[in-house]
Amino acid sequence: MSSSFADTVLSSVSARNPAEPEFLQAVREVIESIEPVIAKRPEIVKMKIVERLVEPERQLMFRVPWINDAGDVQINRGFRVQFNSALGPYKGGLRLHPSVNLGIIKFLGFEQIFKNALTTTPIGGGKGGSDFDPKGKSDREIMCFCQSFMTELYRHIGPDTDVPAGDIGVGGREIGFLFGQYKKITNTFTGVLTGKGLNYGGSLARKEATGYGLVYFTTRMLQERGTGWEGKTVVVSGSGNVAIYAIEKAQELGARVVALSDSNGYIYDPEGIKLNTVKRIKEVERGRIKEYAAEHASARYTEGCGDIWGIPCDIALPCATQNELEQKDAELLRNHKCIAVAEGANMPSTPEAVKVFHDAGIAFGPAKAANAGGVATSALEMAQNSMRLSWPFEEVDQRLHQIMDNIYTQCFSAAESYGLKGNLVAGANIAGFLRVADAMLAQGV
Ligand code: NDP
Ligand code: 2IT
């Protein structure tokens with residue numbers, strides 16, 4: 001095996017997928033982590049498991065035409081990458097953001113395979129989305145786009161085939177429009193999407209799940225160091241679904257969350273973020289985080305979100321987007337004696353930043369483990385839909401908590417058994433990979 005195995009696979013992936021830097025970044029991290037596994041498992045090499053894993057089972061790209069409020073025809077590009085179905089139906093969110101392209105969706109879909117495996121629920125990996133920008137659009141425009149998107153997507157998905165959900169730019173409103181169109185076209189009422197409204201098949205605690213799960217996972221990282229949330233200063237980036245519910249749970253556990261952001265800038269409120277204001281601005285009014293400062297004299301708004309990691313904190317939770325936390329940011333966190341970083345967003349830390357955390361002995365929880373609570377609870381929503389019943393909030397939350405505890409244990413143990421104690425990146429990649437690889441081996445070529 002060997003580094004030559006990793007090098008060969010990586011150069012082939014790089015040649016076959018030019019101009020997809022995020023996808024290559026995600027593949028490189030996994031392949032480098034699993035080298036010690038490959039060395040011990042010759043059948044994985046012989047059956048070309050890694051080479052098969054890096055090639056999506058199916059990639060869909062389609063035209064999404066819609067009409068804006070001015071009456072003009074608009075054209076966006078839609079994507080669904082059905083990456084791996086070894087463990088169950090393809091499962092993963094839909095992202096609506098102007099930065100979406102095939103490489104972004106492939107990186108997210110690739111990460112999703114291992115994340116979903118770590119949850120130990122029966123779901124494969126997929127991801128989709130569009131370069132549509134929901135910002136500033138009316139409800140009618142959002143509906144028109146979602147209906148057009150689903151008019152193509154419906155033929156490729158199904159409750160036992162592929163079950164999309166939310167991601168950046170896709171929340172309850174968008175899932176509602178997508179679900180309505182799927183139902184209309186197929187004349188079926190099924191659990192084909194998760195993150196649905198509570199009165200039409202959604203699960204209690206799904207909205208909270210990614211953020212709460214992130215905090216449950218981080219709790220284990222802190223426990224390993226003999227500490228907890230009480231009295232800790234926390235910086236969170238983003239102010240969307242993941243950020244809001246990470247803040248809620250961290251505050252409930254006694255932390256002082258002092259900062260959060262959106263793509264325009266960040267708020268620093270040393271007295272602690274007032275979450276009700278954030279929820280109103282972001283969830284109800286769909287406004288900008290800048291508006292928070294106008295309501296709270298203790299808060300300061302800074303234009304541009306790059307400097308948020310310069311705010312001294314004990315715990316950092318990046319919950320916005322990929323590669324938002326770079327080496328220079330990691331060095332600031334280290335210099336300010338930050339003790340733990342856990343990723344709510346997908347791949348928010350660059351590889352150079354992760355190296356700084358590891359070298360400094362900062363506890364680091366990688367996305368595919370730390371933010372798996374959202375998709376895990378989506379799997380619980382699928383289970384409830386199949387049974388045609390719904391569990392109480394406490395039951396879902398308790399299952400989520402157990403799943404996050406179990407993910408932490410899997411990552412910690414896998415790292416330890418390969419002589420990499422405390423390296424949760426290696427642990428998550430190894431534990432997730434082994435689950436998928438064994439299922440692929442069992443199912444033949
Ligand atoms: P939302 O759309 O609810 O919120 C996204 C937040 O991140 C907003 O505050 C947004 O600011 C900010 N943001 C997005 N893109 C950028 C950017 N390019 N630069 C700076 N800030 C940005 O999405 P979610 O909270 O659902 O998703 C956040 C992250 O968590 C993503 O990486 C997603 O993949 C990941 N994730 C989400 C899960 C879920 O269940 N929703 C599950 C697991 C991971 P603005 O409003 O200005 O765009
Ligand atoms: O990145 C993710 O795990 C998600 N956006 C959630 C996916 C899901 O199917 O709930």
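In listed order, ligands and their atoms are each counted from 1. None of these values were measured; they are calculated from a predicted model.
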- Message: As a quick check of understanding, evaluate ring pair (Phe, Tyr, Trp, His ring centres under 6.0 Å) for Phe179 and Phe189, giving each step before the final call.
- Response: CA-CA 9 Å; Phe179 181 79; Phe189 191 112; 5.1 Å; yes

Donor-acceptor side-chain pairing of [X] and [Y] below 3.5 angstrom:
{"X": "Thr151", "Y": "Gln181", "answer": "yes"}
{"X": "Asp397", "Y": "Tyr216", "answer": "yes"}
{"X": "Lys290", "Y": "Asn264", "answer": "no"}
{"X": "Asn335", "Y": "Glu331", "answer": "no"}
{"X": "Glu248", "Y": "Tyr212", "answer": "yes"}
{"X": "Asn76", "Y": "Ser130", "answer": "no"}
{"X": "Ser298", "Y": "His296", "answer": "no"}

Just which atoms of ligand 1 are under 4.0 Å from any heavy atom in [X]?
{"X": "His97", "result": "15 (N)"}
{"X": "Arg95", "result": "31 (C), 32 (O), 33 (C), 34 (O)"}
{"X": "Gly169", "result": "2 (O)"}
{"X": "Arg288", "result": "45 (P), 46 (O), 47 (O)"}
{"X": "Ser239", "result": "9 (O)"}
{"X": "Gly238", "result": "9 (O)"}
{"X": "Lys135", "result": "45 (P), 46 (O), 47 (O), 48 (O)"}
{"X": "Gly344", "result": "30 (O), 35 (C), 36 (N), 44 (C)"}

- Query: For Phe393 and Leu204, which heavy atoms make the closest approach, and how far apart are they?
  - Reply: N-CD1, 3.6 Å

Name of the residue among [options] meeting salt bridge (Lys or Arg N to Asp or Glu O under 4.0 Å) with [X]:
{"X": "Arg95", "options": "Asp133, Asp167, Asp131", "result": "Asp167"}
{"X": "Glu381", "options": "Lys207, Arg399, Arg206, Lys196", "result": "Lys196"}
{"X": "Asp162", "options": "Arg80, Arg155, Lys91", "result": "Arg80"}

If only atom types and distance count, is the side chain of [X] paired as donor or acceptor with the main-chain N or O of [Y] below 3.5 Å?
{"X": "Arg256", "Y": "Gln251", "result": "no"}
{"X": "Asn429", "Y": "Ala426", "result": "no"}
{"X": "Gln112", "Y": "Tyr90", "result": "no"}
{"X": "Ser237", "Y": "Ser261", "result": "no"}

- Lys/Arg-Asp/Glu bridge criterion (N-O < 4.0 Å) met for Lys355, Glu352: no

- Salt-bridge present (Arg280, Glu295; N to O < 4.0 Å): yes

- Query: For ligand 2, which part of Arg206 has a heavy atom less than 4.0 Å away: the side chain, the backbone, both, or neither?
  - Reply: side chain

- Per-residue contact class, Asn346 against ligand 2 - non-hydrogen pairs under 4.0 Å: side chain

- Determine whether any heavy atom of Lys127 lies closer than 4.0 Å to an atom of ligand 2. yes

- Query: Can you tell me if Gly166 has a non-hydrogen atom under 4.0 Å from ligand 2?
  - Reply: yes

Shortest protein heavy-atom distance from [atom], along with the residue and atom involved:
{"atom": "atom 19 (N) of ligand 1", "answer": "Thr321 CG2, 3.8 Å"}
{"atom": "atom 3 (O) of ligand 1", "answer": "Asn241 N, 2.9 Å"}
{"atom": "atom 9 (O) of ligand 2", "answer": "Lys91 NZ, 2.7 Å"}
{"atom": "atom 27 (O) of ligand 1", "answer": "Ile168 CG1, 3.7 Å"}
{"atom": "atom 29 (C) of ligand 1", "answer": "Ala320 O, 3.3 Å"}
{"atom": "atom 11 (O) of ligand 1", "answer": "Ser263 N, 3.3 Å"}
{"atom": "atom 3 (O) of ligand 2", "answer": "Lys115 NZ, 2.8 Å"}
{"atom": "atom 32 (O) of ligand 1", "answer": "Asn346 N, 3.1 Å"}
{"atom": "atom 6 (C) of ligand 1", "answer": "Gly240 N, 4.0 Å"}
{"atom": "atom 24 (P) of ligand 1", "answer": "Val242 CG2, 3.9 Å"}

- When you look for heavy atoms under 4.0 Å from ligand 1, do you find them on the side chain of Thr210, its backbone, both, or neither? side chain

Below the 3.5 angstrom mark, is there an N/O of [X], backbone or side chain, next to an N/O of ligand 1?
{"X": "Gly166", "value": "no"}
{"X": "Arg206", "value": "yes"}
{"X": "Asp167", "value": "yes"}
{"X": "Asn264", "value": "no"}

Going by heavy-atom distance to [atom], choose the closest among [options].
{"atom": "atom 7 (C) of ligand 2", "options": "Ala376, Gly126, Pro164, Gly93", "value": "Gly93"}
{"atom": "atom 28 (C) of ligand 1", "options": "Ala345, Ser99, Cys319", "value": "Cys319"}
{"atom": "atom 10 (O) of ligand 2", "options": "Gly195, Gly92, Ala372, Ser378", "value": "Ser378"}

- Is any N or O atom of Asn371, backbone or side chain, closer than 3.5 Å to an N or O atom of ligand 2? no

- Message: Show the atoms of ligand 2 that are less than 4.0 angstrom away from any heavy atom in Ala165.
- Response: 8 (C), 9 (O), 10 (O)

- Task: Decide if atom CZ of Arg52 counts as having more than 12 heavy atoms of other residues, nucleotides or ligands within a radius under 6.0 Å.
- Result: yes

- Query: Are any non-hydrogen protein atoms located under 4.0 Å from atom 42 (C) of ligand 1?
  - Reply: yes

